[in-house]
Amino acid sequence: MNGLFERWLGGQAPLPVEQHTPATGLQLWLDDQGHVLRLAGPLRTLLPASPHHAARVHDYLQRHSWLVLEGAPADWQGQPLDLDFVTVHGTALHTRGWLLRQADGWLLQVFDIGDLLGERENHAHDLAQHHLALALGRAMRDCDEQHLLPTTTAQLQHLAEHWQAGALRLLLPGDSGWYSYASSDAVWPWADDERLRAWLHTLPAAARQLAAEHPLLQSSAAGLPLVALPYQHGHCVQAWLLCAGAPRPPTPQAQATLLPALVEPLLSRLRQQQLQQRACHLDELQQQLGAGWWSWPLQGPLAFDPALASRLGLPRDATCEQWFGRLHPADREAARMALAQLRDGIALNLNLRLLPADDLAGPRWLQWVGQLRGRQVQGFVLDISALKAQELQAGAARARLENLIASSPAVIYIQRYADGALHSDFFSASLTPLLGWPKDGELAQQPGQAVHPDDRTLWLERTRTLLRDGQVRSRYRLRDERGGYHWILDEARLLRDDLGQPVEVVGLWLDVSEATEAAERVRQSEERYRALVEDSPALICRYTPALQLLFGNRPLAELLECPPQQLGAMNLGQWMSDSQRTAFVQRLATLSPQQPLSSAEVCLQLPGRRNAWWVWAERGLFDEHGQLVEIQAVARDNTAVRHSQQQLLQAAKMATLGELATGLVHELNQPLTTMRLAVVNGLKRLESGAADVPYLTGKLQRIDNQLERAIRLVEHLRTHGRRSEVEQQVFAAWVAVLGAQGLLAEGLCGKGVTLAIEAPERCPHVLGHQDQLEQVLINLVVNARDALLERRVAHPHIRVGQRIEHGQLCLLVEDNAGGIDPRLLERIFEPFFTTKPAGVGTGLGLSVSHGIVDAMGGRLAVHNRNEGACFEVWLPIYKAN
């Protein structure tokens, strides 16, 4: 059949029936009037039995095929015949064939071409779907921000027309639930359907993990089909598309092509708007706190946040002398010394006074914090004038109270115990100046009569406690000779004889009237200061060295989602991972009375599985023996900045994958081509009937091996493309080299660049993120490749190796492109600095790589040697405790 079909497709005349009768397809022997004499071929079982005794060929055909067979069979020969037969299944059998003369009759030979027609229709459908996806993505990317909503609505309408759906609704996650875009302004027909409403409530309130068994959700409302299509990124649902009234659900291929083309640009635009809003909120928060960033490249001017520079009365790029000129003269020397120590890596944390613009105003207090990162100092300035004022006022109140107590006259007294009662025996001379009582007067003999009526219960309790416990400390009011009352602090001790029987009481009366009144004023003042702390947008708390919270203000309680009064029962460590908690405790151990201050960025896992990063500034409080008693801390939420850094890193990673797309497609094409050849050969063996089990087993094993190869590459791409974990992990650094080789080797080979990987004898482990280190190596190799191709080196090659020195692991990436201009070596790691032509490269690759290596505790260095540039990635070797 194959040879005959091929001769017919090639335009050659088929063999006479007497020489070769096909054993496939469908054969109909006809007489000169078109009556069917006999049926043959495998396809005859699909045709229904004709109700007519002398059936014509038309009885087996659909009506539109009658036009092809007009007249007698003699009129049909010499041309290809496309005929659609009626089958017992009710579907059409699409065939193509020819009519041959045979003795005194005719032979109609046809073959099934349904697969060919289906393939043609699928190709046309896929092409139209591809064009629609391009149009959707282009429209979403090219529209401006004001027309984003109408553009989204219009594209949903185009998609609804393509799927022949009545309406579409796109659900996207928001801060307070899901919000939607509809394909038209018409009323959503299922808005009042309780079944749909209950189903919508089951959707996650945010993009959470989707269960592995979560199917393509289907429901029925208002008598029409409703299909919910999830758009996933990894295992997270980023959006839902509700398709209502479509005659059939969109195919998985249509979902994979059209849904990302619509949703991905829209999510990107919305994320960009969200980042802009967060940046504005961060600027507003900094203005409310009186804070801002500053930086210094260890030489030249200091760069300040524009809003901060305006508040301080400084130019944005102020010289060091201009900055020192704004400081109080008493703080200038300390500021100069701190800047000098920054060059040696000693962190900066100073409280400074700023000269007031008005001579009548007091100085402003600033907290000046900075840390050396690479070749640049980065930090922030925080206005702490309010906190300093509170400290000064509280200190003054405490000093007044102490002076008041010291200057108060004390009365020493002795009471004799007799017959179960206490009788006054002695009062010191200060009794008369204090209360005006004569020492032999009635009130001196019975002081209980002078106790204020409201305090008599306290007086009786004082006596019972003294006789029971042997000592007492109480406070009550006594009346003086003029009828006024004095607050008396009474401290007394009971003396006993050798048999343990009470003998006498020795005590002290101290007039604390002024102190009590002052304490009341202090209490009221503390209430006012507490209100300031509670209403502060900063996170303020106190805790023990064991991280047990002693106090936390209201913003902290809101972030931890608990009432402020319950903070005292919580431990800060419960919101940290094991590694974060260990590092936190180790940092507290470094505090001392000489160095009581520290700062760090801490990662916490807040309720709702939200990761938050707080910039933590703390001060340790010590006892007289130098032991750490508690810690006071002020924190600032740095989560938005961290998310921006992670998104920048993820964007750089995705840009690298985009550059490698060509090589990766070729890498996947090889196993696919091999599998296709194996399948074709196996089918030929099966058709010829010569296939045996060993031969087919070998072909299937070959297909399985190529599938494993493709799966490994795709799995590595998924691992490399997903976001990095929050916590650092221990891994072998050389594994990152092998991962970069798997992604780059094929592309480099296609461009004629040799990649030499020198396998080491040892593979030490480091602490960090494997995908991020792999990103660093990819950036270095891609930069070397671009330099080699730009300079058209005769025999381009890149060498990747490893060496170990003094407990440090060094990964080397070296090329023969001639090296880097020495004048550019100092600037090569700056953000947005690039030596590539305009429009090529972002200038972020080496800057992001430098930040990744620095976060792993290492350093990224570059120098020229031999025939080109050599980049060195130095990392500390991980040692388990």
Side-chain angles (χ1 to χ4, degrees), residues 1-131 164 247-248 251 253 680 683-684 687:
M1 174 275 204
N2 290 339
L4 182 62
F5 195 44
E6 291 173 359
R7 287 172 57 85
W8 172 71
L9 290 175
Q12 303 179 23
L15 296 174
V17 176
E18 291 77 10
Q19 299 179 12
H20 183 84
T21 300
T24 59
L26 176 64
Q27 299 88 41
L28 295 90
W29 277 266
L30 311 176
D31 58 15
D32 291 334
Q33 288 75 35
H35 293 92
V36 179
L37 303 177
R38 184 163 60 92
L39 298 174
L43 297 180
R44 71 180 185 278
T45 59
L46 299 178
L47 304 183
S50 174
H52 306 289
H53 176 70
R56 301 185 73 237
V57 66
H58 298 72
D59 297 335
Y60 295 94
L61 299 176
Q62 295 188 352
R63 286 189 172 274
H64 62 268
S65 294
W66 291 5
L67 299 176
V68 181
L69 302 181
E70 291 184 351
D75 301 327
W76 308 341
Q77 63 178 339
Q79 58 182 345
L81 303 176
D82 291 339
L83 303 175
D84 294 340
F85 286 85
V86 178
T87 66
V88 295
H89 305 297
T91 58
L93 175 63
H94 304 283
T95 65
R96 175 172 292 180
W98 61 87
L99 187 68
L100 297 176
R101 186 69 182 180
Q102 183 181 15
D104 56 349
W106 301 90
L107 172 63
L108 178 59
Q109 172 69 57
V110 294
F111 297 94
D112 186 2
I113 62 171
D115 293 341
L116 296 177
L117 296 179
E119 183 177 353
R120 183 185 303 170
E121 292 178 359
N122 291 337
H123 177 71
H125 179 74
D126 292 344
L127 185 60
Q129 190 167 267
H130 177 69
H131 289 318
Q164 300 179 0
R248 56 184 178 180
T251 63
Q253 182 181 4
V680 170
L683 289 175
K684 287 183 177 180
E687 291 176 356

Close side-chain approach of T45 to L43, heavy-atom, < 4.5 Å:
no
Do D31 and W106 have side-chain atoms, one donor and one acceptor, less than 3.5 Å apart?
no
Side chains of D112 and H94: is there a donor and an acceptor less than 3.5 Å apart?
no
Quick check: closest heavy atoms across R44 and L39, and the distance to 0.1 Å?
CD-O, 3.9 Å
Approximate separation, where rounding is to 0.5 Å, of L37 CG and Q102 CD
10.0 Å
So do the side chains of D32 and P73 get within less than 4.5 Å of each other, counting heavy atoms only?
no
Closest non-hydrogen atom pair between P48 and Y60, with its separation
O-CE2, 3.5 Å
How far apart are the C-alpha atoms of L107 and Q27, what are their side-chain angles, what is the distance that settles it, and do they pass the side-chain contact (heavy atoms from CB on, under 4.5 Å) test?
CA-CA 7 Å; L107 172 63; Q27 299 88 41; 3.7 Å; yes
Counting only heavy atoms not in H58 (residues, nucleotides, ligands), do more than 12 fall under 6.0 Å from its NE2?
yes
When you compare the side chain of H64 with that of D84, does any pair of heavy atoms fall below 4.5 Å?
yes
Just verifying a value: how many Å separate R56 CZ and H35 NE2, rounded to the nearest 0.5 Å?
6.0 Å
With a 4.5 Å cut-off on side-chain heavy atoms, are L61 and W66 touching?
yes
Parallel, tilted or perpendicular for W98 and F111, by the 30°/60° rule?
tilted
Note: W76 and Q79 closest approach over all heavy atoms is O-CG, 3.3 Å
side-chain contact (heavy atoms from CB on, under 4.5 Å) partner of L47, the single match among V88, L26, V36
L26
Heavy atoms of V57 and L28 approach each other most closely as CG2-CD2, 4.0 Å
Say you draw a straight line from CZ of R96 to CG of L81; how long is it, rounded to the nearest 0.5 Å?
10.0 Å
Considering residues, nucleotides and ligands other than Q33, do more than 12 of their heavy atoms fall under 6.0 Å from its CD?
yes
State, with a plain yes or no, whether a side-chain heavy atom of L46 is found less than 4.5 Å away from one of F85.
no
Looking only at heavy atoms, what is the nearest atom pair of L108 and L83, with distance?
CD2-CD1, 4.1 Å
Of the non-hydrogen atoms in T91 and T87, which two are nearest, and what is the gap between them?
O-OG1, 2.6 Å
